[in-house]
Colleague: 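Structure in structure tokens, see below.
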Amino acid sequence: MQLKLHELEQEHRDLDHAIATLEERLPYDRLTLQRMKKRKLMLKDKIFQLKDKLEPDIIA
């Protein structure tokens, strides 16, 4: 699970960089940008789910 988490975090960083690069170029494809941002958000959710499984938040 640790390896999967690392892969998801790397993909999230790569997508963030790709989005920033795309936004710098005008004109840019808004549909592609929207899809990339949606994928990035989905990755973020998966990362939080995996982190929660690996390190549960236990309130004593």
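Because only heavy atoms are used, hydrogens play no part in the values below, and waters and symmetry mates are left out as well, while side chains stay in. In what follows, residues are counted from 1 in the order of the sequence shown. The model shown is predicted, which means the values in this text are computed figures rather than measured ones.
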Colleague: For the pair Glu9 and Lys44, find out whether any cationic side-chain nitrogen is under 4.0 Å from an anionic carboxylate oxygen.
Modeller: no

Colleague: Pairs in or reaching into residues 15-25: which pass salt bridge (charged side-chain N to carboxylate O under 4.0 Å, His left out), with residues at least two apart or in two chains?
Modeller: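 Listed by first then second residue: Asp16-Lys40, Glu23-Lys37.
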
Colleague: Sequence neighbours left out, what passes salt bridge (charged side-chain N to carboxylate O under 4.0 Å, His left out) with Glu7? Give chain and number order.
Modeller: none

Colleague: Same hydrophobic cluster for Met1 and Leu5, using side-chain heavy-atom links shorter than 4.5 Å among ILVMFWY?
Modeller: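 Yes.
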
Colleague: First locate atom CG of Leu41, then atom NZ of Lys46, and finally report the distance between them rounded to the nearest 0.5 Å.
Modeller: 12.0 Å

Colleague: Supply the atom-to-atom distance Asp29 CG to Met36 CE, rounded to the nearest 0.5 angstrom.
Modeller: 10.0 Å

Colleague: Can you name the residues that form a side-chain contact (heavy atoms from CB on, under 4.5 Å) with Tyr28, not counting sequence neighbours?
Modeller: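 Tyr28 satisfies side-chain contact (heavy atoms from CB on, under 4.5 Å) with Leu22, Leu26, Arg30, Leu33 once adjacent residues are dropped.
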
Colleague: Check salt bridge (charged side-chain N to carboxylate O under 4.0 Å, His left out) between Arg35 and all other residues, then give those that pass, not counting sequence neighbours.
Modeller: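 Result, salt bridge (charged side-chain N to carboxylate O under 4.0 Å, His left out) vs Arg35: none returned.
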
Colleague: At what distance, to the nearest 0.5 angstrom, does NE2 of His12 lie from CG of Leu43?
Modeller: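 Here the rounded value is 6.5 Å.
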
Colleague: If you round to the nearest 0.5 Å, how far is CG of Asp52 from CD1 of Ile47?
Modeller: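 That separation rounds to 13.5 Å.
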
Colleague: If I take atom NE2 from residue His17 and atom CG from residue Leu15, how far apart are they, to the nearest 0.5 angstrom?
Modeller: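 Rounded to the nearest 0.5 Å, the NE2-CG separation comes out at 11.0 Å.
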
Colleague: Same cluster for Leu54 and Leu8 if Ile/Leu/Val/Met/Phe/Trp/Tyr side chains link at under 4.5 Å?
Modeller: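 Yes, Leu54 and Leu8 fall within the same hydrophobic cluster.
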
Colleague: How about Gln10 and Asp14: does a side-chain donor come under 3.5 Å of a side-chain acceptor?
Modeller: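 Gln10 vs Asp14: donor-acceptor pair found between side chains.
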
Colleague: Can you list the residues that meet the salt bridge (charged side-chain N to carboxylate O under 4.0 Å, His left out) rule with Lys4, with sequence neighbours excluded?
Modeller: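 None.
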
Colleague: Return the set of residues passing side-chain contact (heavy atoms from CB on, under 4.5 Å) with Gln34 (not counting sequence neighbours), or none when no residue passes.
Modeller: Leu31

